[in-house]
Participant: 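I'd like to ask you about the structure that follows.
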Amino acid sequence: MSGTDNAWQEEQQRVEVVADRIDDNITRLEIEVGHIREDVVTMRKEFWDEVTVNFAEADDLGETSTSLRQQSQVLSEREKSHQHASAALGKMKRLKQSPYFGRIDFAEKGYGEESIYLGIASLLNEGEDSFLVYDWRAPISNLYYDSVPGPAAYETPSGTIEGEMSLKRQFVIRGREIKVMFDTGVTIGDELLQQVLSRSSDAQMKSIVATIQREQNRIIRNDKSRMLIVQGAAGSGKTSAALQRVAYLLYKHRDTLQADQMILFSPNPMFNSYVSTVLPELGEENMLQTTFQEYLEHRLGREYQLEDPFIQIEYVLSGEEDEAYAARINGIRYKSSSEFLDAFNRYKLLLERKEMKFKPIRFQGKEIIGADEIKRAFYAYDPAITLANRCELLKEWLLKELAAFGKNEIHEPWVEEQIQLLDTEDYQRAYQRMRRNQKGRSELFSDYEEEKIILAKKVVSDRLKPLRRWIKSLRFVDVTKLYSQLFQQRELMKEVGGGELPEDWDAICSQTLQKIRDGELFYEDATPFLYLKELILGFRSNTAIRHVIIDEAQDYSPFQLYFLKLLFPRARMTALGDLNQAIYAHASVLQQSTTLSDLYGESESELITLVQSYRSTREIVEFTRGMVPGGEAIVPFNREGEKPEVQIIDDRDDLHRRIRQHISALRKEGYDMIAVICKTAAESLEAYEALSSDLPVKLIKKTTLSFEKGIHIIPAYLAKGVEFDAVLIYDGSDRKYTRETERKLFYTACTRAMHLLHLYSIGEPSRFIREAGKAAYVQI
C-alpha cells in the first residue's frame, strides 16, 4: 500500500470517528431539545396556575407583580435554553453532511505539532478539552487560507502566533465518506474549485468557505477599515465573500454584534431570495435585507409616487426617440453628481439666512397663521441655532398659538351645532369630567353652562387634533417649494451650484417641475429631495446598525452613498461592485474612488481589487473581457468549456423557433438553470408570450420576489448578481446593442453564463461582439 493510500485510509478512519461523535451529539441534543420543548409548552399552559393573583390591597398587588416577574423569568430562561439547544442541534446536522473540508499541520514555536481540521462549525472533543473540528472563522484557520507549508503565523486577540506549517490538505467529504483528498499550497487547489464550479448553478447562492481564495479572505477578515471598497470582475466572488464576511464578523464579535445590526442593500427584491440561504448554512441568522428603493418608498411614498430605478433604465434604454430624452439624461447625470450634493450643502447655508418657505396654518378654510408670519418668527430666532432646531422651536410656538385659537373658538356658532350632534357617550364623558372638576366641593350640582363649555372644548379639541398632528410632524415647512424653487430661480441655482449649470437646464427644470406638480418624483430626484428634507427637519439616522453591505455599488451615485453614510453614522460600510457593470445613466460612485475614500477618510478606507473570474468557463471570460475597457486585466479561471456561439437569424419567428429547439436540447442535456436574457422588460414580455405556450418559462419582473430553478426570461438589468448554467442572448444584434451606453449592459448579460453562452442576432451582430475578436467565438 502506497503512502497516499495509507494517508487516505487514516483520514477515512478519522472521518468515521468524527461522524460517530456527531451522531452521538445529535442523539443527545434531540432528546434535550424534546425535553426542554415539553417543559416550555407545559409552563406556558400552566403559567397562571403558578402565579398568585390578588389586586385587593397595595401589598397584594406588589406580591402579584413579583410572582408574575419570577414566573416570566423562569419561562424566558427555558425558552433561551431551547433556542440554544436547537441551534446546537442544527449545527451538528450541518456538520453531519460534511464534517470538515481542510486540514493543516502546525507547530507553534516551543510546542509540538498539532493537526487542525476546519469545518463550517466547531466540534469539541468532549472529555479531552480539544477540538475535533475548528470553525473556519477561528484565528488559527486563517493559516489555511493565507499561508503555504513552511514558516507561518496568524493573529489572535492576544498577539501574533508564529510557527511552522508542514501540511495543507483539502477534502470533499459527504456524510461518512471522503470523495476527494489532496495536498495543496497557498491557494485553494484547482481540483476542488473545478469540482465546485463545474456543478449546475442553483436557485440560491451557496457558501464558499471550502474554496475561499486568498484575496477573498482579505475581504472576509478585514476588521479594521471603516470603508471597505471591493472592485471585482464579474464572477470574482464579491457577493459570496461579503456574505462570508458577515458570518465572520458575527462569529468574531458574537458578544457585541447581532444579525439585526447588519443590513444588506440588494440590487432588487429577487436577489434577496438568491442569497437567503448562505448565512443559515453557516449557522447564522440572516441580516436585514432591503433595497435602496424600498427605503425611499418608506420615507417618501406617502407624499409622492416615486419612479424606481428600473423604470428609469427602461426609459434610458428605449426612450431615445423622445424629444426630451437628451435633457432627461443630462438631468439624471447632474442630479446624481457630487456637484449637486455640494449645491445642497450650500443651499442649506443660504436657508439659514433667507428663502425658507412655509405653509399657512388653516382651519376650516380660515387662515389662522400666515406663511409670512411663520417666516418672520423663524428668522427671529438666533441665527446660530440650526435649521432643524429652529423648526422645533417654531413647532412649539405654533402649538401654543393653536391652543390659544382653540380657546377662543369654543364660542363660535359651528361649535354649538356640533354639540347638538353629540351622542350619549360624549355627554356621559362630559358629566364624569364635571364630577372630577367638582371633587372636594361641599355639594355636587349640575351646571348647564359648565357642561356646555366642557362639550365645546371637546368638540374643538377633536376638530383641531389633525392640525396638531400636522404641526407636530413639521408639515408646515414647505419642502416641496424649497426643492422646486431651485428649478424655478436660475440665479438661485447658479448661486448655490457654483455658477455653472448643466446643458439643457431649462428643459431639465420644466421636466422636474411638471413631475412634482403631478405628485411624482423622478428616481434621480428622490434622494436629493429626501436629503433636503433631512437637512431642514433633522436627520433620521439609525445608530443601531453597525455594518452596511452595499451590493452592486457601481449602481449608486456619489449623492446616494453619501446619504447612506449619514443614515448609518455608527456603521462600517462594505461597498461591492464592478465598474464594467455600471449600467445606469448617472456617474457611478466607483468612477470616483476619491468620493468613496472621502466618506471616511483615506486612513479608514481600503480598496481591494479582484481580477480572477470564477463563474464562467475560460472561453466565456475571454470572450466577454474583450468587450470592456481594461478587460485584459480580468483573469479567467482555468476551467475549459465551449466557445460562445453567435447565430444570425433572419426574423423574429425564426428566432423563437430556434430558441425553443435549443432550450429543449439543453434540458435533455441536464441544464437546470437556463436564462433567455433580453434588453428590456418590454422585450422580455415579447419573448415570454412567444415561448410560454411551448416551454415552462418564467418571466422575471422587477416585482419578482423568489429565484427558482428553471427557464427564466429576464431583462439584463435584473440579472445582475445571479448566474445560470446556460445563457441565451435573445437578440444581440447591432440594432439592439450599438450605443456606447449599452456596452456594459451587454457585458453584464453575457457574464451571467457559467457553462454555455449562445447569442442570437436578428441581422448584423452587435459591434461589441465583433470587438471581442473572431477568435473568441464561433459564428454559426
Participant: Can you see whether Asn345 engages Tyr531 through a side-chain donor-acceptor pair at a distance of less than 3.5 angstrom?
Facilitator: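 Checked: Asn345/Tyr531 side chains pair up, N/O donor to acceptor below 3.5 Å.
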Participant: Looking at residues at least two apart in the chain, or sitting in another chain, which of them share a side chain to side chain contact (heavy atoms under 4.5 Å, CB included) with Ser761?
Facilitator: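 In terms of side chain to side chain contact (heavy atoms under 4.5 Å, CB included), with neighbours along the sequence ignored, Ser761 is linked to Ser733, Pro765.
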Participant: Do Leu579 and Lys744 pass the side-chain contact (heavy atoms from CB on, under 4.5 Å) test, and can you show the C-alpha distance, the side-chain angles, and the key distance before you say yes or no?
Facilitator: CA-CA 9 Å; Leu579 190 54; Lys744 292 178 178 179; 4.1 Å; yes
Participant: Can the ring centroids of Tyr304 and Phe529 be said to lie less than 6.0 angstrom from one another?
Facilitator: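 Here the rings of Phe529 and Tyr304 have centres that are less than 6.0 Å from each other.
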Participant: Do Tyr747 and Phe768 have ring centroids that are under 6.0 Å from one another?
Facilitator: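 Phe768 vs Tyr747: aromatic centres not under 6.0 Å.
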Participant: Check the pair Phe623 / Ile769 against side-chain contact (heavy atoms from CB on, under 4.5 Å), numbers first and verdict last.
Facilitator: CA-CA 8 Å; Phe623 170 70; Ile769 296 174; 4.2 Å; yes
Participant: Which value, rounded to the nearest 0.5 Å, describes the distance between Leu655 atom CG and Ile649 atom CD1?
Facilitator: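 Interatomic distance, Leu655 CG to Ile649 CD1, rounded to 0.5 Å: 6.0 Å.
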Participant: With sequence neighbours excluded, what pairs up with Tyr717 under the ring-ring contact (aromatic ring centres under 6.0 Å, His included) test?
Facilitator: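 Only Phe310 meet the ring-ring contact (aromatic ring centres under 6.0 Å, His included) criterion with Tyr717.
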Participant: With a 4.0 Å cut-off on N to O distance, would you call Lys736 and Glu683 a salt bridge?
Facilitator: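 Glu683 and Lys736: salt-bridged.
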Participant: CZ of Arg546 to CG of Asp260: how many Å apart, nearest 0.5 Å?
Facilitator: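 So the gap between those two atoms works out to 12.0 Å.
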Participant: Against the six-membered ring of Tyr315, is Arg328 placed for a cation-pi contact (under 6.0 Å from the centre, within 45° of the normal)?
Facilitator: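 Yes, cation above the ring, under 6.0 Å and within 45°.
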Participant: Considering residues, nucleotides and ligands other than Arg302, do more than 12 of their heavy atoms fall under 6.0 Å from its CZ?
Facilitator: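 For Arg302, atom CZ is not crowded (no more than 12 foreign heavy atoms under 6.0 Å).
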Participant: Side chains of Thr291 and Gln293: any donor to acceptor distance under 3.5 Å?
Facilitator: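 No, Thr291 and Gln293 have no side-chain donor paired with an acceptor closer than 3.5 Å.
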Participant: Under the 3.5 angstrom rule, does the side chain of Ser684 hit a backbone N or O of Ile713 as a donor-acceptor pair?
Facilitator: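 Not confirmed, Ser684 side chain does not pair with Ile713 backbone.
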Participant: Set out, in order, the CA-CA distance, both residues' side-chain angles and the distance that settles side-chain contact (heavy atoms from CB on, under 4.5 Å) for Arg625 and Glu632, then state yes or no.
Facilitator: CA-CA 6 Å; Arg625 70 180 181 176; Glu632 65 277 1; 5.8 Å; no
Participant: For Pro636, is there any backbone N or O sitting under 3.5 Å from a side-chain donor or acceptor partner on Gln612?
Facilitator: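 Present.
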Participant: Indicate yes or no for a side-chain donor-acceptor contact from Glu742 to the backbone of Arg739 under 3.5 Å, with no hydrogens or angles considered.
Facilitator: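 Confirmed, Glu742 side chain pairs with Arg739 backbone.
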Participant: For a quick check under 3.5 Å, do Glu552 and Gln554 share a side-chain donor-acceptor pair by atom type?
Facilitator: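 Side chains of Glu552 and Gln554: pair found under 3.5 Å.
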Participant: Would a distance-only check, ignoring hydrogens and angles, find a side-chain to backbone donor-acceptor pair under 3.5 Å from Gln514 to Cys509?
Facilitator: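 No.
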Participant: How long is the span from the SG atom in Cys678 to the CD1 atom in Ile714, to the nearest 0.5 Å?
Facilitator: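 Here the interatomic distance stands at 9.5 Å.
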Participant: Side-chain atoms of residues 497-508: list all donor-acceptor pairs with protein atoms under 3.5 Å, sequence neighbours left out, distances to 0.1 Å.
Facilitator:
from   : atom 1 : to     : atom 2 : distance (Å)
Asp504 : OD2    : Asn330 : ND2    : 2.9
Asp506 : OD1    : Arg490 : NH2    : 2.8

Participant: Kindly give the heavy-atom pair with the smallest separation between Cys750 and Thr624, and that separation in Å.
Facilitator: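 Minimum heavy-atom separation between Cys750 and Thr624: CB-CG2, 3.7 Å.
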Participant: Which heavy atom in Phe707 sits nearest to a heavy atom in Glu723, and how many Å separate them?
Facilitator: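 Heavy atoms only, the tightest pair is CZ-O, 4.4 Å.
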Participant: Is the shortest side-chain N to carboxylate O distance from Asp525 to Lys335 below 4.0 Å?
Facilitator: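 A salt bridge links Asp525 with Lys335.
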Participant: Please check: side-chain N/O of Asp578 versus main-chain N/O of Asn580, any donor-acceptor pairing under 3.5 Å?
Facilitator: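 Side chain of Asp578 to backbone of Asn580: a pair is present.
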Participant: Please find the pair of heavy atoms, one from Leu718 and one from Ile700, that lie closest to each other, and give the distance.
Facilitator: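 In this case the closest contact between Leu718 and Ile700 is CD1-O, 4.0 Å.
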Participant: Take atom NZ of Lys515 as the centre, draw a 6.0 Å sphere, and report whether it contains more than 12 heavy atoms from other residues, nucleotides or ligands.
Facilitator: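 Atom NZ in Lys515 is packed in, count exceeds 12.
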Participant: For residues Ala749 and Ile729, report the shortest heavy-atom separation together with the two atoms involved.
Facilitator: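 So the two residues come closest at CB-CD1, 3.8 Å.
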Participant: Find the distance between CD (Gln289) and CG (Leu264) and round it off to the nearest 0.5 Å.
Facilitator: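 Going from the CD atom of Gln289 to the CG atom of Leu264 covers 5.0 Å.
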Participant: Is it true that the side chains of Gln312 and Glu524 contain a donor and an acceptor less than 3.5 Å apart?
Facilitator: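 Judged by distance alone, the side chains do pair up.
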Participant: Scan Phe292, Tyr562, Tyr295, Tyr556 and name whichever one has a side-chain contact (heavy atoms from CB on, under 4.5 Å) with Thr527.
Facilitator: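 Among Phe292, Tyr562, Tyr295, Tyr556, the one that satisfies the side-chain contact (heavy atoms from CB on, under 4.5 Å) with Thr527 is Phe292.
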Participant: Is there a donor-acceptor contact under 3.5 Å from the side chain of Ser473 to the main chain of Trp470?
Facilitator: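 Yes, Ser473 side chain to Trp470 backbone: donor-acceptor pair under 3.5 Å.
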Participant: Does His547 have its ring centroid less than 6.0 Å away from the ring centroid of Phe568?
Facilitator: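 Distance test on ring centres: not under 6.0 Å, no.
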Participant: Which heavy atom in Ala753 sits nearest to a heavy atom in Ser616, and how many Å separate them?
Facilitator: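 Closest pair (atom of Ala753, atom of Ser616, distance): O-OG, 2.5 Å.
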Participant: Quick check: are there more than 12 heavy atoms from other residues, nucleotides or ligands sitting under 6.0 Å from CZ of Arg735?
Facilitator: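 Atom CZ in Arg735 is crowded, with more than 12 foreign heavy atoms closer than 6.0 Å.
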Participant: List the steps and the verdict of salt bridge (charged side-chain N to carboxylate O under 4.0 Å, His left out) for Glu740 and Arg743.
Facilitator: CA-CA 5 Å; Glu740 192 58 32; Arg743 179 184 294 277; 2.6 Å; yes
Participant: Does the ring of Tyr730 carry Lys679 above it, NZ/CZ under 6.0 angstrom from centre and within 45° of its axis?
Facilitator: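 Pair Lys679/Tyr730 does not count as cation-pi.
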Participant: Test salt bridge (charged side-chain N to carboxylate O under 4.0 Å, His left out) on Arg390 and Glu352 and set out the steps.
Facilitator: CA-CA 10 Å; Arg390 275 191 258 180; Glu352 289 174 352; 5.2 Å; no
Participant: Under 6.0 Å from the six-membered ring centre of Phe724 and within 45° of its axis: does the NZ or CZ of Arg752 meet both?
Facilitator: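 No; the conditions do not both hold, so Arg752 does not lie above the ring face of Phe724.
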Participant: Would you say CD of Gln305 has more than 12 non-hydrogen atoms from neighbouring residues, nucleotides or ligands within 6.0 angstrom?
Facilitator: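 Not buried by this count: 12 neighbours or fewer within 6.0 Å.
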Participant: Measuring from Ile583:CD1 to Thr748:OG1, what's the distance to the nearest 0.5 Å?
Facilitator: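 Between Ile583 CD1 and Thr748 OG1, I get 5.5 Å after rounding to 0.5 Å.
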Participant: Between Phe340 and Phe344 (judged by ring centroids, cut-off 6.0 Å), do the two rings come close enough to count as a pair?
Facilitator: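 Aromatic pair counts; centres sit under 6.0 Å.
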Participant: Would you confirm whether Lys533, through its side chain, and Gly538, through its main-chain N or O, come within 3.5 Å as a donor-acceptor pair?
Facilitator: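 Flag not set: sc Lys533 to bb Gly538 has no pair under 3.5 Å.
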Participant: Could you tell me whether Arg770 and Glu764 make a salt bridge, using a distance below 4.0 angstrom between a side-chain N and a carboxylate O?
Facilitator: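 Salt bridge between Arg770 and Glu764, a charged N being under 4.0 Å from a carboxylate O: yes.
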Participant: Lys238 and Leu610: side-chain contact (heavy atoms from CB on, under 4.5 Å), yes or no, with the steps?
Facilitator: CA-CA 8 Å; Lys238 301 181 294 293; Leu610 303 178; 4.1 Å; yes
Participant: Quick one about Gln488 and Ser484 (side-chain donor to acceptor, distance below 3.5 Å, no hydrogens or angles considered), yes or no?
Facilitator: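 No - no donor-acceptor pair under 3.5 Å links their side chains.
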Participant: Hey, is the main chain of Ala544 close enough, under 3.5 Å, to the side chain of Arg570 for a donor-acceptor pair?
Facilitator: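 Absent.
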Participant: Under the side-chain hydrogen bond (donor to acceptor under 3.5 Å, both in side chains) rule, what do Thr574 and Arg245 come out as? Steps first, then yes or no, please.
Facilitator: CA-CA 10 Å; Thr574 303; Arg245 171 171 167 75; 3.0 Å; yes
Participant: Can you measure from CD1 (Ile536) to SG (Cys391) and round to the nearest 0.5 angstrom?
Facilitator: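 Taking CD1 in Ile536 and SG in Cys391, the distance rounds to 7.0 Å.
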Participant: Under a 3.5 Å cutoff, is there a donor and acceptor pairing between the side chains of Asp551 and Thr239?
Facilitator: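 Side-chain D/A pair, Asp551 to Thr239: present.
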Participant: Using atom types as modelled and distance alone, determine if a side-chain donor or acceptor of Ser225 lies under 3.5 Å from a backbone N or O of Leu228.
Facilitator: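 Such a contact is absent between Ser225 side chain and Leu228 backbone.
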Participant: Quick one: does any side-chain atom of Gln244 pair with a main-chain N or O of Ala241 as donor and acceptor, under 3.5 Å?
Facilitator: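 Not at all, since once roles are kept as given, no pair shorter than 3.5 Å links the two residues.
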Participant: Where is the tightest heavy-atom contact between Ile677 and Pro715, given as atom of each residue plus distance?
Facilitator: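 Shortest heavy-atom separation between Ile677 and Pro715 comes out as CG2-C, 4.5 Å.
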